[in-house]
Visitor: 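Questions regarding the structure given below will be posed in turn.
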Amino acid sequence: MKKIFKGLAVSMLGLSMLVGCTTQAPGTADKGATDGKKENITVGLAVSTQSNPFFVTLKEGAEKAAKENNMKLVTVDAQDDPAKQISGIEDLIQQQVDVLLVNPTDSAAIASAIKSANRANIPVITVDRSAEGGEVVSHVASDNVAGGKMAAEYLLEKIGKQGNVVELEGIPGASAARERGKGFHEIMDKESGVKVVAKQPADFDRAKGMSVMENILQGNKDIKGVFAHNDEMALGALKAIQSAGLKDVVVVGFDATDDAVAAVKQGSMSATVAQKPDLIGKQAIEVAKKVAVGEKVEKNVPVTLELIKQ
């Protein structure tokens, strides 16, 4: 009997040693995912459109940063269609990306897709535009409200706080459009000598910016200034203003795309708020890497703004 118990004891000891060699202490499982050395990180980028130079530059900034960090980036283009963006995100979920970067076409409509990613345990980071639903671990963007204020202050200075002003809005439902407009009006509406005579959406599009501005000018050519929620609309408005033969109209855009910066340098456009899309893309990838390896990240990651003016 003693020999039997002795044998059992030896067997139990061996089993305990075996278990001790093949398990990990709590919190150390999948060490590669928590020590910053996780390999083969794949990030999905759902971008609103690649027809806008701003988002082309944002994607390029993300691609460059992904390459530098040995990460794979898979991009889907919504072409400014909320339904197409939701479908693209579902595709990225099926590909089991490690982290999802979302630049919403419509901040409310995108919520269902973000919730789908949440259910698949894929962390979501919003980029440039925020989402109105679902769980988002971080938001990487410039302060659009501050940018709207910056544009308003410059415009007021240039027109001497007197005269009629036009506001061209972005896509209805896009957080950037709401926030830029909010900042603009927080400053502009305090001035009794200034009147916003027209406030119309042109969907962040250059051709629409031109046509909307043409229609506005048919009813009122006494315009001193224009604030467009992005440079594409500003450049379209500028063309309409030039075609109407108007001079000394202060046009302020937002994004600092190459075409807009060139127009400012030439003196045809007055200013643009530089949002630095390449830096937004770069920082989004850097945040995604931290999330993928289990590091804590800030809920909001701000990107510095700068006013480029004549």
Side-chain angles (χ1 to χ4, degrees), residues 47-49 52-55 57-58 80 102-108 110 126-132 139-159 165-191 194-206 208-209 212-213 216 223 225-238 250-257 259-261 263-264 269-277 279-280 300-309:
V47 69
S48 58
T49 179
N52 186 324
F54 176 84
F55 294 111
T57 303
L58 187 152
D80 277 334
V102 181
N103 162 237
T105 293
D106 185 298
S107 298
I110 204 64
T126 47
V127 182
D128 182 59
R129 300 173 183 171
S130 60
E132 295 179 10
H139 178 57
V140 182
S142 301
D143 186 335
N144 283 303
V145 174
K149 290 180 179 179
M150 191 181 292
E153 288 166 351
Y154 176 78
L155 185 54
L156 286 171
E157 177 189 337
K158 294 293 288 184
I159 66 174
V165 172
V166 169
E167 178 184 6
L168 297 184
E169 302 172 292
I171 295 173
S175 62
R178 290 196 306 272
E179 292 163 4
R180 292 171 190 181
K182 180 176 183 290
F184 178 74
H185 283 280
E186 282 183 8
I187 299 299
M188 192 63 64
D189 293 350
K190 295 176 182 177
E191 300 298 329
V194 177
K195 183 178 181 181
V196 179
V197 293
K199 176 184 175 184
Q200 295 183 31
D203 299 343
F204 292 129
D205 183 80
R206 189 181 301 199
K208 289 182 180 178
V212 169
M213 194 67 205
I216 291 170
I223 303 295
V226 176
F227 170 53
H229 289 185
N230 82 336
D231 286 334
E232 288 297 286
M233 294 187 296
L235 290 165
L238 181 62
V250 178
V251 178
V252 181
F254 203 117
D255 285 346
T257 61
D259 286 352
V261 172
V264 171
M269 189 164 143
S270 297
T272 177
V273 179
Q275 199 181 352
K276 304 179 182 179
L279 185 57
I280 292 175
N300 290 285
V301 179
V303 180
T304 305
L305 290 169
E306 176 186 359
L307 184 68
I308 296 176
K309 59 186 179 179

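One-based numbering along the sequence shown.
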Visitor: Is there a side-chain contact between Leu235 and Met269 in this structure, where contact means two heavy atoms from C-beta onward sitting under 4.5 Å apart?
Guide: yes
Visitor: Does Arg180 pair with Asp255 as a salt bridge, N-O distance under 4.0 Å?
Guide: yes
Visitor: Look up atom CG in Asn300 and atom NE2 in His139, then write down how far apart they are to the nearest 0.5 Å.
Guide: 6.5 Å
Visitor: Let me confirm one number: the NZ-OG1 distance from Lys276 to Thr304, rounded to the nearest 0.5 Å.
Guide: 5.5 Å
Visitor: I'd like to check Ser48 versus Phe55 (side-chain heavy atoms, cut-off strictly below 4.5 Å). Are they in contact?
Guide: yes
Visitor: Would a distance-only check, ignoring hydrogens and angles, find a side-chain to backbone donor-acceptor pair under 3.5 Å from Ser107 to Ala131?
Guide: no
Visitor: Quick one: pull up CZ in Phe204 and CZ in Phe254 and give me the separation to the nearest 0.5 Å.
Guide: 9.5 Å
Visitor: Quick check for you: to the nearest 0.5 Å, what is the distance between Asp128 atom CG and Ser142 atom OG?
Guide: 7.0 Å
Visitor: Less than 4.5 Å apart, any side-chain heavy atom of Ile159 and any of Val194?
Guide: yes
Visitor: How close do Val273 and Ala151 get, heavy atom to heavy atom, and via which atoms?
Guide: CG2-CB, 4.2 Å
Visitor: Is Phe184 close to Leu155 at the side-chain level, that is, under 4.5 Å between some pair of heavy atoms?
Guide: yes
Visitor: Can you name the nearest heavy-atom pair linking Thr272 to Ala256, along with the distance?
Guide: OG1-N, 3.0 Å
Visitor: Could Arg178 and Glu132 be called an ion pair, given the rule that one side-chain N must be under 4.0 Å from one carboxylate O?
Guide: yes
Visitor: Taking atom CG of Asp203 and atom CD of Glu232, what is their separation to the nearest 0.5 Å?
Guide: 12.5 Å
Visitor: Specify the closest pair of heavy atoms between Ala176 and Arg129, including all atoms of both residues, with the distance to one decimal.
Guide: CB-CG, 4.1 Å
Visitor: Before you tell me yes or no, could you show the steps for Val226 and Val252 under side chain to side chain contact (heavy atoms under 4.5 Å, CB included), namely the whole-Å CA-CA distance, both residues' side-chain angles and the distance that decides it to 0.1 Å?
Guide: CA-CA 6 Å; Val226 176; Val252 181; over 6 Å; no
Visitor: Measure the shortest side-chain to side-chain distance between Ile280 and Val127 over non-hydrogen atoms and say whether it is less than 4.5 angstrom.
Guide: yes
Visitor: Hey, can you pull the donor-acceptor pairs under 3.5 Å for the side chains in residues 165-175, sequence neighbours left out?
Guide:
from: Glu167; atom 1: OE1; to: His185; atom 2: NE2; distance (Å): 2.5
from: Glu167; atom 1: OE2; to: His229; atom 2: NE2; distance (Å): 2.8
from: Ser175; atom 1: OG; to: Ser130; atom 2: N; distance (Å): 2.8
from: Ser175; atom 1: OG; to: Ser130; atom 2: OG; distance (Å): 3.4

Visitor: Measuring from Ser270:OG to Leu307:CG, what's the distance to the nearest 0.5 Å?
Guide: 10.5 Å
Visitor: Are Thr126 and Asn103 side-chain neighbours, meaning at least one heavy-atom pair lies under 4.5 Å?
Guide: no
Visitor: Kindly indicate, with the supporting measurements, whether the criterion side chain to side chain contact (heavy atoms under 4.5 Å, CB included) is fulfilled by Leu156 and Glu191.
Guide: CA-CA 9 Å; Leu156 286 171; Glu191 300 298 329; 3.6 Å; yes
Visitor: Quick one: does Asp231's side chain have a donor or acceptor within less than 3.5 Å of a partner on Ala234's backbone?
Guide: no
Visitor: Is there a side-chain contact between Gln275 and Asn144 in this structure, where contact means two heavy atoms from C-beta onward sitting under 4.5 Å apart?
Guide: yes
Visitor: Please enumerate all residues that pass salt bridge (charged side-chain N to carboxylate O under 4.0 Å, His left out) together with Glu186, with sequence neighbours excluded.
Guide: Lys149, Lys182
Visitor: Under a 4.0 Å N-O cut-off, is there an ion pair linking Arg206 with Asp259?
Guide: yes
